[in-house]
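Below you'll find the structure, written out as structure tokens, and then a few comments.
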Amino acid sequence: MLDPRLYREEVDKIRHGLERRGAKVDLDAMVNIDIEKRKINVRLDQLKSERNTATENIAKLKRTGQDAQADIEKTRTLGDEIKAQQEKFDDLESRFKALALLVPNLPHASVPDGRSSADNKVVKEWGQKPAAASAKPKHHLDVGKELSLFDFERGAKITGSGFPIYTGLGARLERAMLNFFLDFHVANHGFTEVSPPYVVNRASMIGTGQLPKFEEDMYHCDADDLYLIPTAEVPVTNMHGNEVLDAATLPISYAAYSACFRREAGSWGKDTRGFLRLHQFNKVEMVMFSDPAKSYEAHEYLRACAETLLQKLGLHYRVLELCAGDLGFGAAKCYDLEVFAPAEERWLEVSSVSNFEDFQARRANIRTKIDGKMQFIHTLNGSGLATPRVLVALLESHQTAEGGLRIPEVLQPYMGGLTEIKPKKK
RNA sequence: GGAGAUGUGGCAGAGUGGUCUAUUGCGUCUGAUUCGAAAUCAGAAGUCCGUGAAAGCGGUCCGGGGGUUCGACUCCCUCCAUCUCCGCCA
């Protein structure tokens, strides 16, 4: 949510930011509701003030045993008027709030202009593509099949498409990645590990910005009115909802593993094959709560944390700075990390590192007191990392000449010392 | 799932329809005393909204929402959380 003051003091700033995003919002309607609301608020406060003095007077009369009937009658009509004005006010306020929850964050000044993902800026490339001379690597689905690492058919049988089963060494490899990610963040990056619920209430989904706008993308349990989390960002960020954080404890950094559930309602036809778009997948998420003055340093730090993992895995990747038109709903600035899949010959997004500034903190009401001044903290998060596409890159990047898979050194301790997954003998 | 109890400021804990402008204690901050500190004494302090150039002024907040009433921390309904006992269970 944006600072409500902006709607009356700096509408042009909002207009400009939304324009950069290519977002359509009826700003004029919101400004008008806000003006109307304040007008009624002034009248309402005045009426309440009158009532307060009147009831005080009644109390005084009653205490001294005098008749207060005339004052009671007068206050009764005052009460009716207050009720009527209050209803108007509540209606305007809820209308304003409903609209405000649908307004995306404004892009940070450093975010480049652009309409779509085609306009994102490559700011870094690490490692390199396999030499053209070497044999073209096999497709990850073929590698997985030969080594029996996963089973899409049976996943589809028991649940549906987009719910794969990792099997045998594939399951272990995926678990190895998650353990490596978590352990590494905790040991080297100063994160505290948390293991959150995978199901959250509606208020939490609003807090981080998934709702009310993206309802159709979320799995919902009707009987309990709870949502399956699309990312650990939701429970972990909302952990501190309605809290005033001690400024001395900032920044607070969490790393959380969770399964992630996404309906991907609007994505049919895009990347539906294999691992590229799943309804359930595993991810380690990094979440930070930062002093507002230091959130952009924290943003760079988070990005570096995610990058380090890819480097340790020996994967060729690049960093994109998203343009204004491609920013996620709540992000003020965002880096995407894309890993290269040599058989697919394309870049795959494996991490998205965002600074939300106070956008989520306003929704979830997370504050801190700095120099005696109450203010909203800044929230940030980044994948570190999601496993499916990393596995794809791993399968396509680390193939051995014999058709097996070389295990990156950092994962070997988690694989019982195994250095290579060898093909079955025929 | 069943029965009962509780939810009040940073914390503890009073308050059962009208000077509640929420008692008190602890903690916090400021000042006095002190070379400094402790102890002691005095004082101050919250959130959010509106209004105003500002000082200030008005409103709001006792788990959330709703109701009764001229007036609700107090009465009623409902939801949530916590605790105790019972049941079930990885």
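Order of the sequence lines sets the chain letters (A, B, ...), proteins ahead of strands, with each chain counted from 1.
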**Request:** Verify the ring-centre separation between A:Phe150 and A:Phe275: is it less than 6.0 angstrom?
**Result:** yes
Could I get a table of every N or O pair under 3.5 Å where one atom is in the protein and the other is in nucleotides 74-81 of chain B?
none

**Non-neighbouring partners of A:Asp142 that pass side chain to side chain contact (heavy atoms under 4.5 Å, CB included), sequence neighbours left out** = A:His139, A:Glu146
**Message:** Would you measure the distance from the P atom in B:U16 across to the matching atom in B:G1 and give it in whole Å?
**Reply:** 34 Å
Nucleotide N/O to protein N/O under 3.5 Å, stretch nucleotides 18-21 of chain B:
{"from": "B:G18", "atom 1": "O2'", "to": "A:Arg63", "atom 2": "NH2", "distance (Å)": "3.4"}
{"from": "B:G18", "atom 1": "N2", "to": "A:Thr55", "atom 2": "O", "distance (Å)": "3.4"}

**Message:** Given a 3.5 Å cut-off on both pairing distances, which stems involving RNA chain B, each at least three consecutive Watson-Crick or G-U pairs, are present, if any?
**Reply:** B:1-7 with B:80-86, B:10-12 with B:24-26, B:28-32 with B:40-44, B:48-51 with B:56-59, B:63-67 with B:75-79
**Salt-bridge contact A:Arg406-A:Glu420 (side-chain N to carboxylate O under 4.0 Å)** = no
**Asked** For atom P, what is the distance between B:G56 and B:G15, given to the nearest Å?
**Response** 36 Å
**C1' atoms of B:A90 and B:A14, separation to the nearest Å** = 44 Å
**Asked** Do A:Glu56 and A:Asn52 have side-chain N/O donor and acceptor atoms under 3.5 Å apart?
**Response** no
**Request:** State which residues pass side chain to side chain donor-acceptor pair (under 3.5 Å) with A:Tyr166; sequence neighbours excluded, sorted by chain then number.
**Result:** none
**Request:** Answer with yes or no whether the side chains of A:Tyr219 and A:Gln280 bring together a donor and an acceptor at under 3.5 Å.
**Result:** no
**Message:** Ignoring hydrogens and geometry beyond distance, is a side-chain donor-acceptor pair present between A:Thr231 and A:Lys283 at under 3.5 Å?
**Reply:** yes
**Complete:** Sequence neighbours excluded, the answer for side chain to side chain contact (heavy atoms under 4.5 Å, CB included) partners of A:Ser117 is A:Asn120, A:Asp326
**Prompt:** Are A:Tyr254 and A:His240 near enough that their ring centres are under 6.0 Å apart?
**Reply:** yes
**Separation between the P atoms of B:G18 and B:C76, rounded to whole Å** = 16 Å
**Message:** Applying side chain to side chain donor-acceptor pair (under 3.5 Å), can you list everything that pairs with A:His220, at least two apart in sequence or on another chain?
**Reply:** A:Asp222, A:Asp225
Are any protein N/O atoms closer than 3.5 Å to N/O atoms in nucleotides 87-89 of chain B? If there are, list each pair with its distance.
none

Residues 287-297 of chain A side chain polar contacts: donor-acceptor under 3.5 Å, at least two apart:
{"from": "A:Ser290", "atom 1": "OG", "to": "A:Ser295", "atom 2": "N", "distance (Å)": "3.4"}
{"from": "A:Asp291", "atom 1": "OD1", "to": "A:Ala293", "atom 2": "N", "distance (Å)": "2.9"}
{"from": "A:Ser295", "atom 1": "OG", "to": "A:Asn355", "atom 2": "ND2", "distance (Å)": "3.0"}
{"from": "A:Ser295", "atom 1": "OG", "to": "A:His378", "atom 2": "ND1", "distance (Å)": "2.8"}
{"from": "A:Tyr296", "atom 1": "OH", "to": "A:Glu357", "atom 2": "OE2", "distance (Å)": "2.5"}

**Fill in**
Residue pairs passing the side chain to side chain donor-acceptor pair (under 3.5 Å) test with at least one member in residues 408-417 of chain A, sequence neighbours excluded, are A:Asp183-A:Tyr414
**Proximity of A:Phe329 and A:Phe359 rings by center, below 6.0 Å** = yes
**Message:** Check A:Asp28 with A:Arg15, please: is the shortest side-chain N to carboxylate O separation under 4.0 Å?
**Reply:** yes
**Request:** Using the C1' atoms only, state how far B:C75 lies from B:G17, rounded to an integer number of Å.
**Result:** 8 Å
**Request:** For B:G10 versus B:U28, give the span between their C1' atoms, rounded off to a whole number of Å.
**Result:** 8 Å
**Prompt:** C1' atom, B:A45 versus B:U82: distance in rounded Å?
**Reply:** 30 Å
**Message:** Among residues at least two apart in sequence or on other chains, which ones pass side chain to side chain donor-acceptor pair (under 3.5 Å) with A:Tyr7?
**Reply:** none
**Asked** Once each nucleotide of nucleotides 47-68 of chain B is scored for protein heavy atoms under 4.0 Å, what B/S/- sequence comes out, 5' to 3'?
**Response** SSSSS------BSS--------
**Message:** Has A:Glu321 got a side-chain atom pairing as donor or acceptor with A:Tyr335's backbone, closer than 3.5 angstrom?
**Reply:** no
**Prompt:** When you compare B:G4 with B:C89, how far apart are their C1' atoms, in angstrom units rounded to a whole number?
**Reply:** 23 Å
